[in-house]
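What follows is a short report on a single structure.
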Amino acid sequence: MKWDEFADWGRRVADWTQDYHLTVGERPVRARTEPGAILNALPETPPETPEAMEDIFRDFEDIVMPGITHWQHPRFFAYFNSNASAPSVLAEFLASAIAPQCMLWQTSPAATEMETRMMDWLRQALDLPERFAGVIQDSASSATLAAVLTLREKALGWQGNQQGLFGQKPLRVYCSSEVHTSVDRAIWVAGIGQDNLVRVPIKGDWRGMDPDALEAAIKADLAAGRHPAGLILCVGGTGTGATDPVDRCLDVAETYGLYTHVDAAWAGSAMICPEFRHYWPGIARADSIVFNPHKWLGVQFDCSAHFLKNPDDLVRTLAIQPEYLKTHGRDGIINYSEWSVPLGRRFRALKLWFLMRSYGMEGLRQRLRNHIAWSGALHDRLAAEPDFEIMTPPMWSLWTFRYLRNGSDPDELNQRLVNAINDDGRIYLTQTRVDGALVIRFQAGQFETTEDDVMMAFDVITEIARTLP
């Protein structure tokens, strides 16, 4: 394809995209292909000669689209939505067209300076103190890894990168059983080791960490000659929305000098609404905080907001400056490649700029409030049904339930129910476990979902449950 052909195809793709988003609700939410169907539809060898874009696009529709689970479907109630609002899609299109590599200020000054400003806009939206600075990571997993590497270096007196962990006291990191598995992976990659990730018991309706048990674990490690290094807190865990008592846990962390990271990947978006900030009291005392605008806030994937009380600690951990990466004659500039594990960086801030200007913060707040209110109403309706049991209460727009039938094993019954619901195609749910029991999980967060979409879930769930063999 030549560039003088691009505009025609660009218009065609734009028309296709608009039609897709306007009609995606008419499709089954989850892909219905069998394993291997897409692979077998693709030639085993690459083409030796050029193929027409008309043929490529037709194959996209015939081969690719049947194998897509529609994350932009208004009745996608599984996992956490990876949203794609219209303005952020346009911004992604422009960023792809410009194709800058934004690793240094000098390689893309606009990208660097816009990232600084957009992260400050988000900081203000969350009401974090001015001392916090932000960086856009590709995902919360990368932000958590960066935090774990930083807490490792601080605990080792900034000698870990040079000397490694050999011969050191075992470093101990504390979390609850409800954190995302990205925490485990960060512990592996940082060389701390799975055995040194201490799972602290949970308690209460929020399924949060027990601060007394946290302190007891730290004391036991000190007595055993181990080195308590960091605390990772959860606000809005993936399974049930589990949320640690942030202020009380930070009290313990401060007493023992632990570096603290708060994973609010999903629920952090809700903190643009003042009425939900009671879920993370004392958050301004944390060292590191992450949430994903590419989930509930509507930004095109990927875009993860990582805030740091002292960014110098992160830069000291990750910065490497060979001569070819130095920017001479420009003092005091930020090179965000020194704030993240990858060197290469995309122009992600553009999506935030388009989104926040297009909707305004109040427009974004209202969407989140709607999702929470509609999900709560659905919860109340299902809770009133005699053969359904609420397993965990609503945390923002997330809650869990199970179906009960005399003579049936609850785990087997509910796995069959969630499978039947997803095969039906009108809505998409996932299962999780609560205290060992298999339950069904509901969350509302798709950017264009409506109250009718959410309420339709009641009809689908009850209809399919009561017609199960």
Side-chain angles (χ1 to χ4, degrees), residues 123 126-129 131-135 137 140-158 160 171-180 182-184 186-187 190 192 196-202 206 208-219 221-222 226-237 242-265 267-268 271 277-291 304-318 339:
R123 178 197 64 76
L126 300 176
D127 197 32
L128 293 176
R131 65 178 177 272
F132 276 85
V135 57
Q137 309 282 14
S141 298
S142 291
T144 297
L145 174 59
V148 169
L149 292 171
T150 302
L151 71 85
R152 183 196 71 184
E153 287 305 293
K154 287 200 75 172
L156 296 176
W158 308 104
L171 299 182
R172 305 287 273 181
V173 178
Y174 308 87
C175 68
S176 81
S177 58
E178 298 285 332
V179 297
H180 194 269
S182 59
V183 174
D184 300 70
I187 293 296
I192 293 173
N196 292 309
L197 182 61
V198 182
R199 305 283 186 178
V200 179
I202 62 173
W206 290 8
M209 182 183 294
D210 180 348
D212 294 331
L214 169 64
E215 184 162 26
I218 294 171
K219 288 180 175 178
D221 281 336
L222 288 170
R226 305 183 186 104
H227 188 160
L231 172 65
I232 298 177
L233 297 176
C234 179
V235 174
T243 297
D244 296 325
V246 173
D247 51 352
R248 295 183 60 204
C249 292
L250 289 177
D251 288 342
V252 177
E254 289 172 355
T255 299
Y256 295 93
L258 273 60
Y259 187 92
T260 53
H261 174 65
V262 178
D263 180 358
M271 303 311 185
R277 292 179 192 149
H278 68 279
Y279 281 112
W280 65 4
I283 190 66
R285 294 156 55 200
D287 294 300
S288 173
I289 307 161
V290 66
F291 86 97
S304 187
H306 186 192
F307 291 97
L308 300 136
K309 187 161 61 179
N310 184 4
D312 290 346
D313 288 344
L314 178 64
V315 173
R316 188 172 181 181
T317 299
L318 297 179
W339 296 43

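Only this structure's heavy atoms are used, side chains among them; waters, hydrogens and symmetry mates stay out. Nothing here was measured: the structure is a model prediction, and the numbers come from that model.
A donor-acceptor pair is defined here as one N or O able to donate and one able to accept, closer than 3.5 Å; no such pair exists between the side chain of S288 and the backbone of L308. In this structure, the side chain of K309 does not engage the main chain of R131 through any donor-acceptor pair within 3.5 Å. Put simply, the side chain of R316 never gets that close to the backbone of W158: no donor and acceptor are under 3.5 Å apart. Remark: side-chain polar atoms of Q137 are paired, donor with acceptor, to backbone N or O of W339 under 3.5 angstrom. D244 contributes a side-chain N or O that, together with a main-chain N or O of M209, makes up a donor-acceptor pair within less than 3.5 Å. The backbone N or O of A140 sits less than 3.5 Å from a side-chain atom of S304, completing a donor-acceptor pair.
H261 places none of its side-chain heavy atoms less than 4.5 Å from the side chain of T150. Contact annotation: the side chain of T144 approaches that of V183 to within less than 4.5 Å [non-hydrogen atoms, C-beta and beyond]. Looking at L250 and T260, their side chains come closer than 4.5 Å, going by heavy atoms from C-beta outward. Counting only heavy atoms from C-beta outward, the side chains of R199 and V179 approach each other to under 4.5 Å. Looking at heavy atoms from C-beta onward, D313 lies out of side-chain contact with E153 at the 4.5 angstrom threshold. Residues D287 and N310 fail the side-chain proximity criterion, which asks for heavy atoms closer than 4.5 Å. For the pair Y259/R152, no side-chain contact is recorded, criterion being any heavy-atom separation below 4.5 Å from C-beta on.
The only option from L231, I187, L258 that meets the side-chain contact (heavy atoms from CB on, under 4.5 Å) definition with V173 turns out to be I187.
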Stepwise, does the side-chain contact (heavy atoms from CB on, under 4.5 Å) test hold for L156 with L171?
CA-CA 9 Å; L156 296 176; L171 299 182; 4.0 Å; yes
Step by step, work out the side-chain contact (heavy atoms from CB on, under 4.5 Å) result for L128 and I289.
CA-CA 10 Å; L128 293 176; I289 307 161; 4.0 Å; yes
Dump the intermediate steps for side-chain contact (heavy atoms from CB on, under 4.5 Å) on I192 and L197, then the final yes or no.
CA-CA 8 Å; I192 293 173; L197 182 61; over 6 Å; no
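Rounding to the nearest 0.5 Å gives a distance of 8.5 Å between OG of S176 and CG of L233. Separating the OH atom in Y256 from the NZ atom in K219 is a distance of 4.0 Å, to the nearest 0.5 Å. The distance from atom NE2 of H306 to atom OG of S142, rounded to the nearest 0.5 Å, is 10.5 Å. Note that the CG atom of L222 and the NE2 atom of H227 stand 8.5 Å from one another [nearest 0.5 Å].
For D221 and Y174, the side-chain atoms include at least one donor-acceptor pair closer than 3.5 Å.
What you find for C234 and A242 is that their closest heavy atoms are SG-O, 3.4 Å. Residue V148 comes nearest to I232 through the heavy atom pair CG2-CD1, 3.8 Å, listed as atom of the first residue, atom of the second, then distance. Between I202 and S177, the shortest heavy-atom contact is CG2-OG, 4.1 Å. The shortest heavy-atom contact between V252 and P211 is CG2-O, 3.9 Å. F132 and A286 make their closest contact through CZ-O, 3.4 Å (heavy atoms, listed as atom of the first residue, atom of the second, distance). The shortest heavy-atom contact between L314 and A146 is CD1-CB, 3.7 Å.
In this structure, F307 and F291 have parallel ring planes: the angle between them is below the 30° cut-off, well short of the 60° mark.
Classification of R285 and D251 as a salt-bridged pair holds, one side-chain N sitting under 4.0 Å from a carboxylate O.
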